[in-house]
Amino acid sequence: MTDRTSLLRPSALALAALLVAGPTPAQTSRAAAPAPAAAAAPAARTADYIVALVNSEPVTNSEIRRRAQRVAQQLAQRGGPQPTRDQLLAEVLELLITERAQMQYATEVGIRVSENEIDEAERAVAAQNQLSRDEFRRRLVRDAGTDVAQFRADLRRELTLQRLQEREVINKVTVSEADIDNHLRDQRPANNPDALELNLGHVLVAVPEGASETQVQTLKAKADEAARRVRAGEDFAVVAREMSDAPERSRGGTFGMRPASRLPELFVNGVKDLPVGGVAGPLRSPAGFHVLKVVEKRTAGVDATVTQTRARHILLRPSAQLSQAQAIERLNAYRQQIQSGQARFEDLAREHSADGSAPGGGDLGWASPGQFVPEFEQAMDSLKPGELSAPLVSRFGVHLIRVDERRQQALSQRDQREAVRNIVREKKANEALELWARDIRARAYVEIREEPQL
């Protein structure tokens, strides 16, 4: 790893977290009114059909069905409240509309992912599962029910969206020393208990840009009704799924526990004096009306200690003479030599690693959270002291990692500022990504033709 500076974690790149609220009347033209709710699902149609057009590009029912099945499996694995069939279909439709609009924009600005890059990504996924490419493809079909062509199309989409979001938003995020000072000042409980950590339930009733006063009042009445139901003790997850336009409605409307610094100021000010179970709102923002419930609440001081990891790695950089697949194969061979006692990690690192740490046997020194790029750090954190990773592909190349030690360490003032820089960067990036995604979605002309079916 040549870059040990703090870099943005790509959690804000997960597209589900970037979904904008459901389509507003100003954004969506419906050619057919939705069917009234019914107890039983409508009779299944055997032929595929177009559900929506996004700037004249179709979104088909087969796409929605395939993605909905995948999302349902992921939600079932996580546990907790599950969306109804209709809610799942509506949310997946919006997901595909949002993706389609961003992919079209990527084409406009000239972002391309080559077949060779997809090949390398596929080999990387296989290597991280400790499988050959051929075995990975067989298991993909056998265990996941996904054909190779569809998997590669998914890889192309994810790589394209990641590059687009990095180019348009993430790479433009800057954190000044004043930003760090402001965050540290706000962390002091005497000024603003931003040592506060909250898990909020959230219902958003979206208000479209340029809405008339009549529309605004109608939507406020809907938000008032949501607040009334929550205050009356109704299950918040039920209310969120029925009435919210926010992406987290599929998780029962909750954000999960997070520092107050990662929540909008409007939300924090609205709930900071409420007990657990308290309800705030409707609160007005440019996005619409918000109803908030305090699900969990705790106060924590600024954490001045972290778990540090001391690790070594061998880095091979793909080139015209060394493909990514060859680098993975070579590191697998090194791994076997080390495990069998035929070679020492330190000696292989000195001889073969392309990183600046090679003269020290690949030693990266003591590292705090956020010091390495996310894909490297996640693999490192999953290892126990003494364990070797499988070959890992990162933006720098292909790595073999060994964790040597871990310790609890008090942070220096400089380290604390770097940790705060990571927090502020992630917060600013998430906010910028959300605004950008909303803008891309709002500029797309969307026509809903028919209701999707499973």
Side-chain angles (χ1 to χ4, degrees), residues 8-30 51-59 67 90-113 156-175 179 202-212 215-216 219 223 244-250 255 262-267 283-290 424-448:
L8 175 69
R9 296 180 180 275
S11 56
L13 299 181
L15 186 58
L18 300 178
L19 287 184
V20 297
T24 65
Q27 296 167 333
T28 304
S29 169
R30 292 189 173 268
V51 173
L53 294 175
V54 183
N55 295 325
S56 301
E57 185 176 344
V59 175
R67 187 69 69 88
E91 290 164 11
V92 169
L93 172 58
E94 182 60 24
L95 169 68
L96 292 176
I97 290 172
T98 302
E99 285 185 350
R100 198 62 50 86
Q102 292 187 20
M103 289 293 289
Q104 291 167 356
Y105 183 64
T107 300
E108 290 177 17
V109 297
I111 292 178
R112 302 286 188 274
V113 176
R156 183 186 299 277
R157 183 188 69 249
E158 293 300 330
L159 290 170
T160 301
L161 292 175
Q162 178 176 324
R163 289 184 185 178
L164 175 67
Q165 293 158 7
E166 288 177 345
R167 166 182 157 162
E168 295 293 313
V169 182
I170 295 172
N171 292 342
K172 298 177 182 178
V173 172
T174 60
V175 179
D179 291 331
H202 177 222
V203 170
L204 167 66
V205 177
V207 176
E209 185 177 354
S212 67
Q215 286 178 298
V216 172
L219 293 168
S244 181
D245 296 317
E248 62 273 8
R249 62 179 180 243
S250 62
F255 289 122
R262 293 181 57 195
L263 292 166
E265 184 176 359
L266 174 71
F267 292 8
L283 306 176
R284 185 71 163 95
S285 81
F289 296 98
H290 308 265
V424 175
R425 179 182 284 109
E426 182 174 357
K427 179 183 178 183
K428 292 177 75 171
N430 286 340
E431 291 172 348
L433 277 168
E434 182 176 355
L435 290 173
W436 172 82
R438 286 181 180 273
D439 180 62
I440 296 294
R441 171 63 173 84
R443 283 189 274 155
Y445 176 77
V446 178
E447 178 184 337
I448 306 298

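- Closest heavy-atom contact between W436 and L164: CH2-CD2, 3.6 Å.
- A search for side-chain contact (heavy atoms from CB on, under 4.5 Å) contacts involving S212 returns T214, Q215, not counting sequence neighbours.
- Take R163 and apply the side-chain contact (heavy atoms from CB on, under 4.5 Å) test, not counting sequence neighbours, and it matches I111, V113, E117.
- D179 and K428 are joined by a salt bridge, as a carboxylate oxygen and a charged side-chain nitrogen come within less than 4.0 angstrom of each other.
- Taking F267 as the reference, H202, H290 meet the ring pair (Phe, Tyr, Trp, His ring centres under 6.0 Å) condition, with sequence neighbours excluded.
- Between D439 and R443 the shortest heavy-atom distance is OD2-NH2, 2.9 Å.
- Evaluation of the side-chain contact (heavy atoms from CB on, under 4.5 Å) rule for E57 yields R100, Q104 as partners, not counting sequence neighbours.
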Query raised in the report: Please walk me through it: do E99 and R441 pass salt bridge (charged side-chain N to carboxylate O under 4.0 Å, His left out)?
Result: CA-CA 9 Å; E99 285 185 350; R441 171 63 173 84; over 6 Å; no
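- Partners of P58 under the side-chain contact (heavy atoms from CB on, under 4.5 Å) rule, at least two apart in sequence or in another chain, are I50, L53.
- Using a 4.0 Å cut-off between charged side-chain N and carboxylate O, K172 and E166 make no salt bridge.
- A donor-acceptor pair under 3.5 Å is absent between the side-chain atoms of N55 and the main chain of A444, judged by distance alone.
- No cation-pi contact links R262 to F255, judged by a cut-off of 6.0 Å to the six-membered ring centre and 45° from its axis.
- Looking at every heavy atom in both residues, A211 comes nearest to V216 through CB-CG2, 4.1 Å.
- Put simply, CD1 on I440 and CG on L433 are 11.5 Å apart, with the number rounded to the nearest 0.5 Å.
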